[in-house]
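What you see is a predicted model; the values in this text were computed from it and never measured. Numbered from 1 within each chain, the chains take letters A, B, ... in sequence-line order.
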2 protein chains.
Amino acid sequence: MVVVFLSGGIIIVKDSQIKGVSVMGNLANAIEVYIKRLLAASPNATLLLQRKELAERFQCVPSQINYVLATRFTAGHGYLVESRRGEGGYLRIKRLDLNKERVNQLLSVLNDLKRKITVNEALGLIDRLADARIVTRRENEIMKAALTQGLRAQNQLLSNNKREMLVEMLEVLLKDS
Amino acid sequence: MVVVFLSGGIIIVKDSQIKGVSVMGNLANAIEVYIKRLLAASPNATLLLQRKELAERFQCVPSQINYVLATRFTAGHGYLVESRRGEGGYLRIKRLDLNKERVNQLLSVLNDLKRKITVNEALGLIDRLADARIVTRRENEIMKAALTQGLRAQNQLLSNNKREMLVEMLEVLLKDS
DNA sequence: ATTGTAATGGTCTAGGAAGGTCAAAAAAGT
DNA sequence: ACTTTTTTGACCTTCCTAGACCATTACAAT
């Protein structure tokens, strides 16, 4: 439970209600909110900043920034994060405002991937995306080629590696916007 | 930290964000952009210049130019660089536009795959296909995602499996058109 | 012709400046 | 108590920069 002072009065609110509003119980949340505010202020929802600087501003180790990005700014959350190392290094964070239906379909496919599925089922999922015009025929073929590389039977379970690979390929599509 | 006033609201923007918009983060990038601009302005996409002069313009050691050429203007990136030493020495940089013989290019890429290449080289090859408009940006990203699945370092050799996978993906493109 | 020399460009390596990863410790939920 | 989330820090990879030293070329002096 958290107590919030608002316009002079005292309002008592439950945690669950407050989540995501503006109370930040911890660093990670604070950083998340900060980044989101900057994104909101940016005309094209894109941010360019340095991990080191951000860490300094919040007086934490740089890897904390990675934690925040990894837990709150993933493709699944609708964000795209790119980076570059070395001198002049940076983080580029972009909020993707995507077509809802496409995203939902992709996410549902991604969701299906969480359980064990066979190669055949995976290929079926990919075809579904092609049917829905979410991927082109070529993209469809490319993904299938990648997925079936070195495979004999198609009625076996999809290996972890291959599943992960499919997920990553689909995430590319999510990022595409 | 910089405060920017925008359409009535106060938006807080970080240094780095400002920098990233207008200025290149580092020397190498600046030089790259400069060369590419010159190339774009040149009638036949060919440039003749002196390493020393260029280095002077950017106030850096001459070998910095070599670094830029070696990392951004390789054959893999679709550029041709020749040079001559001694008095009257020069650098000749040419951008190759190979859009014509797509199939040949694909075949040459496939050929490159016969020998051992690193992950980085493989990614470069794929990028080159995108540059030449043989694959779309999305296809490019999909293939890269598939290729780098489960990989940490990029300077290691491409595994046999992954190489085979790339070949199969490229063969999809060959069949296509 | 031969040789010397200055003017170029090339290579290689060390060092520094980012950002990334991983796992253990600490804190917060349940 | 147990589980999940957060926080830290040690160590790693990538990228960039500078500089020492090497190779080639044109031109002048012999």
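For the OP1/OP2 pair of dA17(C) and a distance below 4.0 Å, the side-chain nitrogens and oxygens of Arg51(A) include no atom meeting the criterion. Distances shown here put a side-chain N or O of Tyr67(B) below 4.0 Å from the OP1 or OP2 atom of dC16(D).
Atoms CD (Glu56(B)) and C1' (dG9(C)) sit 14 Å apart, rounded to a whole Å. As a whole-Å value, the separation of Leu27(A) CG from dA26(C) P is 17 Å. Following rounding to the nearest Å, Leu69(A) (CG) and dT7(D) (P) show an atom-to-atom distance of 14 Å.
Distances were taken from every side-chain heavy atom of Leu91(A) (C-beta onward) to each of dC16(D), dG20(C), dT8(C); the shortest belongs to dG20(C). With dG9(C), dA17(C), dA26(D) as the candidates, the nucleotide lying closest to the side chain of Glu87(B) is dA26(D). Out of dG19(C), dT6(D), dG9(C), the shortest distance to the side chain of Lys52(B) is found at dG9(C). Distances from the side chain of Arg72(A) to the nucleotides dA18(C), dT6(D), dT8(D) place dT6(D) closest. For Ser63(A), the listed nucleotide lying nearest its side chain is dC22(C); candidates were dC22(C), dC16(D), dT14(D). Comparing dT17(D), dA23(D), dT7(D) by their closest approach to the side chain of Arg85(B) singles out dA23(D).
Cation-pi check for Lys36(A) over Phe73(A) is met; the charged atom lies under 6.0 angstrom from the ring centroid and within 45 degrees of its normal.
In the model, Arg57(A) has a side-chain atom that pairs as donor or acceptor with a side-chain atom of Tyr34(A) under 3.5 Å.
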